[in-house]
2 protein chains.
Amino acid sequence: MLQTTIEMEKAAVILKLMGDKTRLTMLKLIDNQACCVCEFVEIFQTSQPSISQHLRKLKDLGLVNEERKGQWIFYLVNKNNEYYSFIKPILDQLPNQDYKLNELEEKGTRISCC
Amino acid sequence: MLQTTIEMEKAAVILKLMGDKTRLTMLKLIDNQACCVCEFVEIFQTSQPSISQHLRKLKDLGLVNEERKGQWIFYLVNKNNEYYSFIKPILDQLPNQDYKLNELEEKGTRISCC
DNA sequence: TAATTATATAACTATTAGCTTATATATTCA
DNA sequence: TGAATATATAAGCTAATAGTTATATAATTA
């Protein structure tokens with residue numbers, strides 16, 4: 001078969017991280033477009049440290065990249081990560097979450113990255 | 001797109017369940033062939049209640065089916081479950097675990113279901 | 001340069017999850 | 001029917017996880 005294979009251990013770690021609604025939604029969102037911490041705070045209506053801690057876990061596994069743009073730090077799914085091919089088919093089955101960003105856009109609280 | 005879609009909430013619950021090495025390996029094994037509790041106990045070298053509790057969680061979500069054959073209860077991935085199409089592509093990326101059953105076969109501890 | 005804004009991190013707390021031990025139930029077999 | 005085998009479940013313990021509060025760092029702006 002042409003299927004890629006991943007060690008069970010690693011797969012379980014990744015799936016556990018994805019098995020959290022906040023992190024899963026984050027990944028789905030930033031598979032398309034970069035988002036900064038303060039946007040996540042508004043989208044998920046939770047505290048900034050909570051968001052940062054979720055992002056930290058995703059970053060530690062290499063699933064996301066961060067990029068500072070001035071005072072903001074933008075996060076984006078790391079498509080070069082060796083496990084991207086594992087998570088991509090999962091993300092593709094999830095409902096699009098872009099409406100969450102559109103809501104920010106309408107409220108004028110979207111941070112447009114240059 | 002022709003992609004199936006699943007609610008975020010449900011997806012997160014399923015991924016969390018799959019994010020455990022024991023349960024993930026179980027699912028991969030019984031995607032092909034039925035296994036009974038005592039086989040899992042031997043494969044994972046853990047206690048019977050622990051195995052039963054893992055299976056219980058998978059069963060509660062409808063991911064697996066059980067079928068009694070005499071004194072044994074065999075478990076199998078439920079391919080009729082509405083979320084099977086969600087988990088199948090994940091399982092397909094995992095390395096085949098059948099060698100674990102082959103080991104039982106050699107040791108003579110495989111329970112052959114009629 | 002001081003105040004403000006964005007983010008990260010550390011410490012603490014509460015909740016959850018997994019395992020163990022003990023026990024109950026169901027089936028088989030002598 | 002009584003003993004043995006297979007499985008489930010409940011209760012309790014411990015470890016892991018997620019969130020909160022407090023604080024530190026970095027960049028921006030007045």
Side-chain angles (χ1 to χ4, degrees), chain A residues 8-9 12-27 29-30 34-61 63-76 104 107-114, chain B residues 8-9 12-27 30 34-61 63-76 104 108-114:
Chain A
M8 294 303 285
E9 191 87 51
V13 170
I14 292 175
L15 292 171
K16 179 180 290 178
L17 270 202
M18 296 180 80
D20 173 276
K21 199 182 172 192
T22 301
R23 284 190 297 259
L24 188 62
T25 308
M26 281 176 161
L27 286 173
L29 271 168
I30 63 179
C35 262
C36 72
V37 178
C38 59
E39 289 172 323
F40 284 132
V41 169
E42 195 176 344
I43 288 172
F44 295 110
Q45 291 290 301
T46 183
S47 73
Q48 175 267 312
S50 174
I51 295 295
S52 282
Q53 285 158 13
H54 281 304
L55 288 168
R56 182 64 209 271
K57 291 179 184 179
L58 296 174
K59 200 177 61 173
D60 282 350
L61 265 189
L63 298 185
V64 306
N65 282 139
E66 61 180 6
E67 188 181 353
R68 181 178 280 275
K69 291 271 176 68
Q71 58 188 150
W72 298 287
I73 297 178
F74 285 85
Y75 283 85
L76 193 62
L104 296 196
K107 281 196 278 179
T109 53
R110 178 89 162 99
I111 311 291
S112 3
C113 136
C114 25
Chain B
M8 295 303 285
E9 192 88 50
V13 169
I14 292 174
L15 293 172
K16 180 179 289 177
L17 269 203
M18 297 181 80
D20 173 277
K21 200 183 171 189
T22 301
R23 284 191 298 260
L24 188 62
T25 308
M26 281 176 160
L27 286 173
I30 63 178
C35 263
C36 71
V37 178
C38 58
E39 289 173 322
F40 284 133
V41 169
E42 197 176 341
I43 288 171
F44 296 110
Q45 291 289 301
T46 185
S47 72
Q48 175 267 312
S50 173
I51 294 296
S52 283
Q53 284 156 13
H54 281 303
L55 287 167
R56 181 67 210 270
K57 290 179 185 180
L58 296 174
K59 201 177 62 175
D60 282 349
L61 265 190
L63 298 185
V64 306
N65 282 139
E66 61 181 6
E67 186 183 352
R68 182 178 278 277
K69 290 270 175 67
Q71 56 188 152
W72 298 287
I73 297 178
F74 285 85
Y75 284 85
L76 194 63
L104 297 196
T109 51
R110 178 89 162 98
I111 312 290
S112 4
C113 137
C114 27

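The sequence lines fix the lettering, A, B, ..., with proteins before strands; numbering per chain opens at 1.
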List for me each residue that meets side-chain hydrogen bond (donor to acceptor under 3.5 Å, both in side chains) alongside [X], sequence neighbours excluded, and say none if there are none.
| X | answer |
| --- | --- |
| B/Ser47 | none |
| A/Ser52 | A/Gln48 |
| A/Arg56 | A/Asp60 |
| B/Thr109 | B/Glu42 |

Length of the line joining [X]:[atom1] and [N]:[atom2], which is rounded to integer Å:
| X | N | atom1 | atom2 | value |
| --- | --- | --- | --- | --- |
| B/Trp72 | D/dA4 | CH2 | P | 17 Å |
| B/Leu58 | D/dA8 | CG | C1' | 15 Å |
| B/Glu66 | C/dT25 | CD | P | 17 Å |
| A/Glu67 | D/dA27 | CD | P | 14 Å |
| A/Ile73 | D/dT25 | CD1 | P | 15 Å |
| B/Leu55 | D/dT7 | CG | C1' | 10 Å |
| A/Phe74 | C/dA8 | CZ | P | 12 Å |

Can you list every pair that meets salt bridge (charged side-chain N to carboxylate O under 4.0 Å, His left out) and has a residue in residues 15-27 of chain B, with sequence neighbours left out?
-> A/Glu9-B/Lys21

Which protein N or O atoms sit under 3.5 Å from an N or O of nucleotides 27-30 of chain C?
none

Under 3.5 Å: donor-acceptor pair, side chain of A/Glu39, backbone of A/Cys36 | yes

Mark up nucleotides 15-24 of chain C, 5' to 3', with B wherever a protein heavy atom is under 4.0 angstrom from a base atom, S wherever such an atom reaches only the sugar-phosphate, and - elsewhere.
-> --SSBBBB--

Sequence-distant partners of B/Lys57, salt bridge (charged side-chain N to carboxylate O under 4.0 Å, His left out), two or more places apart |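 Expected list: none.
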
Is there a side-chain polar atom (N or O) of A/Tyr75 under 4.0 Å from OP1 or OP2 of C/dA8?
->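 Yes, A/Tyr75 has a side-chain N/O under 4.0 Å of OP1/OP2 on C/dA8.
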
Listed partners of A/Val13 passing side-chain contact (heavy atoms from CB on, under 4.5 Å), at least two apart |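 Testing A/Val13 for side-chain contact (heavy atoms from CB on, under 4.5 Å), a comparison that skips the adjacent residues, returns A/Leu61.
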
Can you check whether A/Phe40 reaches A/Thr46 side chain to side chain, under 4.5 Å on heavy atoms?
->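 Contact flag for A/Phe40/A/Thr46 side chains = no.
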
